[in-house]
Protein chains: 2
Amino acid sequence: MTASHPSKLREPLSFVAGCGLPLALEVMGERWSFMILRASFNGVRHFEEFLDQLGIARNILSNRLARLVESGILVREHCADDRRRIEYCLTPKGYDLLPAMLALRQWGEKWALGVPSNPVLCDARDGQPISAITIRAHDDRVLGPRELTWRDRADLVLGRPVTIPAETVTLLE
Amino acid sequence: MTASHPSKLREPLSFVAGCGLPLALEVMGERWSFMILRASFNGVRHFEEFLDQLGIARNILSNRLARLVESGILVREHCADDRRRIEYCLTPKGYDLLPAMLALRQWGEKWALGVPSNPVLCDARDGQPISAITIRAHDDRVLGPRELTWRDRADLVLGRPVTIPAETVTLLE
DNA sequence: GGAATAAGTTTCGAATGAGAACCTAATATT
DNA sequence: AATATTAGGTTCTCATTCGAAACTTATTCC
């Protein structure tokens, strides 16, 4: 039935199978999560500071921070000097979201924001702006959607360069 | 006051200023948007097909598709052969979300998914899996969070390599 | 013509969001 | 020591959104 799509090389049925996207979205898909993350990357650490920067409601912020901590993206720790204060800091798992956040940000900049964004993320070594986030082959060639294909993991453990079978579907058909 | 952060080079106050992230989230931050996008990248085109793959409610799907069309990520077009059917296809703007989606997916795979994901996105040319999405300098060096810094656009139009001022803050402090 | 299919809408209860006021513990002020 | 202030939350409402199921409309199949 519904035999309109010729390929078997499509990502399987739903998200039960091995795909990281639903798992990522479970945490980061919620309404303010990415904005909180952005603030964290900008050095924001404290509750009231998030509140000011984001204009989010207190209860929502409280809830989101708890979830981000629970999922290991932030750590919550009491300040040594002032024991009222609490610091929310990025973990390695949190820092590892930077490429995703930047890719999203760059997309927004390119397609929705009229003006180029003002503070520019730069290479600390030479002060040059970072380049656009791209998809790359194992040898660092930049790949466009036409040059991509899904393959079953079982077919590639052999590691040899393969002639892609004709029925393999690229992302652009 | 609250003088715990030494730097002025922090991204400004809120999202009023030039940041693409809130703009990106306005469309893609909603509950099912990324999952619909993933399905689109996998060749899903039709309403009932999205419905099956995602397990989303009809009315929500209808709403999300409309918003994705409205924001230029998908186009809605009548099928030529069967005029009941409607195709939702990715636009260039939609395809351009692939790096963000993959970065998110890779993050989920790395940190939340136990098992390596089964269909692997590969270079169509040589069949090798793509590499992890990374942040790169203008000369393609891979950059970690410690090697990044925010700079004001006005300071870098001059284009010369700069010695980063001491008070410039990297993302990891 | 009658059944089936595709793509929606409508309806309504459940869950989630936002705003404001309130609360508690630790510090600062007098 | 008594009081005020600050930091980080809760609790309370109310509005919006989500979700499941039933209903609608246009087209194609038999």
Side-chain angles (χ1 to χ4, degrees), chain A residues 1-5 14-15 22 25-37 39-40 43-71 73-90, chain B residues 1-5 14-16 22 25-37 39-40 43-71 73-89:
Chain A
M1 5 196 134
T2 67
S4 60
H5 290 285
S14 80
F15 48 84
L25 292 175
E26 204 152 316
V27 205
M28 297 310 299
E30 284 188 281
R31 206 170 272 292
W32 284 95
S33 298
F34 261 110
M35 291 300 287
I36 291 173
L37 194 79
S40 288
V44 170
R45 302 259 153 101
H46 301 289
F47 194 90
E48 314 279 332
E49 210 176 348
F50 282 108
L51 223 54
D52 293 347
Q53 296 259 328
L54 302 180
I56 184 179
R58 295 182 88 82
N59 54 350
I60 307 296
L61 176 59
S62 179
N63 184 303
R64 276 319 102 87
L65 286 173
R67 291 202 20 99
L68 288 169
V69 168
E70 186 186 6
S71 60
I73 290 166
L74 299 176
V75 278
R76 187 193 129 110
E77 41 196 34
H78 288 268
C79 271
D81 50 324
D82 183 343
R83 305 208 339 155
R84 288 172 303 183
R85 311 197 91 204
I86 284 178
E87 282 199 343
Y88 291 95
C89 299
L90 286 163
Chain B
M1 7 201 132
T2 66
S4 59
H5 292 284
S14 79
F15 46 84
V16 188
L25 292 176
E26 204 153 315
V27 203
M28 298 310 299
E30 282 187 281
R31 205 172 273 292
W32 285 95
S33 297
F34 261 109
M35 292 299 288
I36 291 172
L37 195 78
S40 288
V44 171
R45 302 263 153 99
H46 301 290
F47 194 90
E48 313 279 333
E49 210 176 348
F50 282 109
L51 223 54
D52 293 346
Q53 297 258 328
L54 302 179
I56 184 178
R58 292 182 90 81
N59 53 351
I60 307 297
L61 176 60
S62 177
N63 184 304
R64 275 323 100 87
L65 286 173
R67 290 198 24 94
L68 288 169
V69 168
E70 185 186 9
S71 60
I73 290 167
L74 299 176
V75 278
R76 187 193 126 108
E77 43 196 35
H78 288 268
C79 270
D81 51 323
D82 184 343
R83 308 229 336 230
R84 290 171 302 182
R85 310 196 91 205
I86 285 179
E87 282 198 342
Y88 291 96
C89 298

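Reminder, nothing fancy here: chain letters follow the sequence lines and each chain counts from 1.
Dashed line: the shortest gap from a side-chain N or O of A:Y88 to OP1 or OP2 of D:dG9 is under 4.0 Å. Within the structure, a side-chain polar atom (N or O) of A:S62 is placed less than 4.0 Å from OP1 or OP2 of D:dT10. In terms of phosphate contacts, B:H46 brings a side-chain nitrogen or oxygen within less than 4.0 Å of OP1 or OP2 of C:dA7. In this model, the phosphate group of D:dC18 is not approached by any side-chain N or O of B:W32 to a distance below 4.0 Å at OP1 or OP2.
Rounded to an integer number of Å, the gap from CD of B:E87 to C1' of C:dA7 is 14 Å. For B:F47 and C:dA6, the CZ to P distance is 12 Å, given to the nearest whole Å. Atom CZ in A:R85 sits about 8 Å away from atom C1' in D:dA7, given to the nearest Å. Between the NE2 atom of B:H78 and the C1' atom of D:dT25 there is a distance of 13 Å, rounded to whole Å. The interatomic distance linking A:L54 (CG) with C:dG17 (P) rounds to 15 Å, in whole Å. What separates CZ of B:R64 from P of C:dT9 is a distance of 14 Å, to the nearest Å. As rounded to whole Å, 14 Å separates atom C1' of C:dT5 from atom CD of B:E49. Between A:L61 atom CG and D:dG9 atom P there is a gap of 8 Å when expressed in whole angstrom units.
For the atom pair A:L90 CG and A:I73 CD1, the distance stands at 9.0 Å (nearest 0.5 Å). Separating the CH2 atom in B:W32 from the CG atom in B:L54 is a distance of 6.0 Å, to the nearest 0.5 Å. Rounded to the nearest 0.5 angstrom, B:L25 CG and A:M28 CE are separated by 8.5 Å.
For the pair A:C79/A:H46, a side-chain contact is recorded, criterion being any heavy-atom separation below 4.5 Å from C-beta on.
Take A:I86 and apply the side chain to side chain contact (heavy atoms under 4.5 Å, CB included) test, not counting sequence neighbours, and it matches A:R76, A:H78, A:Y88. Annotation: salt bridge (charged side-chain N to carboxylate O under 4.0 Å, His left out) contacts of B:E48 (sequence neighbours excluded): B:R58. Legend: residues meeting salt bridge (charged side-chain N to carboxylate O under 4.0 Å, His left out) with A:R84, ordered by chain and number and at least two apart, are A:D82.
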For B:L61 and B:I36: C-alpha separation, side-chain torsions, deciding distance, then whether side chain to side chain contact (heavy atoms under 4.5 Å, CB included) applies. CA-CA 8 Å; B:L61 176 60; B:I36 291 172; 3.8 Å; yes
At a cut-off of 3.5 Å, list every protein nitrogen or oxygen paired with a nitrogen or oxygen from nucleotides 20-22 of chain D, distance to 0.1 Å.
from	atom 1	to	atom 2	distance (Å)
D:dA20	N6	B:N59	ND2	2.6

For nucleotides 27-29 of chain D, which of its nitrogen or oxygen atoms have a protein nitrogen or oxygen under 3.5 Å away, and what is each distance?
from	atom 1	to	atom 2	distance (Å)
D:dT27	OP1	B:R83	NH2	3.2
D:dT28	OP1	B:R83	N	2.8

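For the pair B:L74 and B:S40, the tightest heavy-atom approach, listed with the atom from each and the gap, is CD2-OG, 3.6 Å.
Nucleic acid contact class of A:I86 (heavy atoms, under 4.0 Å, all strands): sugar-phosphate only.
The listed nucleotides are D:dA7, C:dT16, C:dA7; the one nearest the side chain of B:R31 is C:dT16.
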Enumerate donor-acceptor pairs with a distance under 3.5 Å from any side-chain N or O in residues 64-71 of chain A to protein atoms, sequence neighbours excluded.
from	atom 1	to	atom 2	distance (Å)
A:R67	NE	A:E30	OE1	2.4
A:R67	NH2	A:E26	O	2.9
A:R67	NH2	A:E30	OE1	3.0
A:S71	OG	A:R67	O	2.9
A:S71	OG	A:L68	O	3.3

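Ranked by how close their nearest DNA chain C nucleotide is to the 5' end, A:N63 and B:L65 are led by B:L65.
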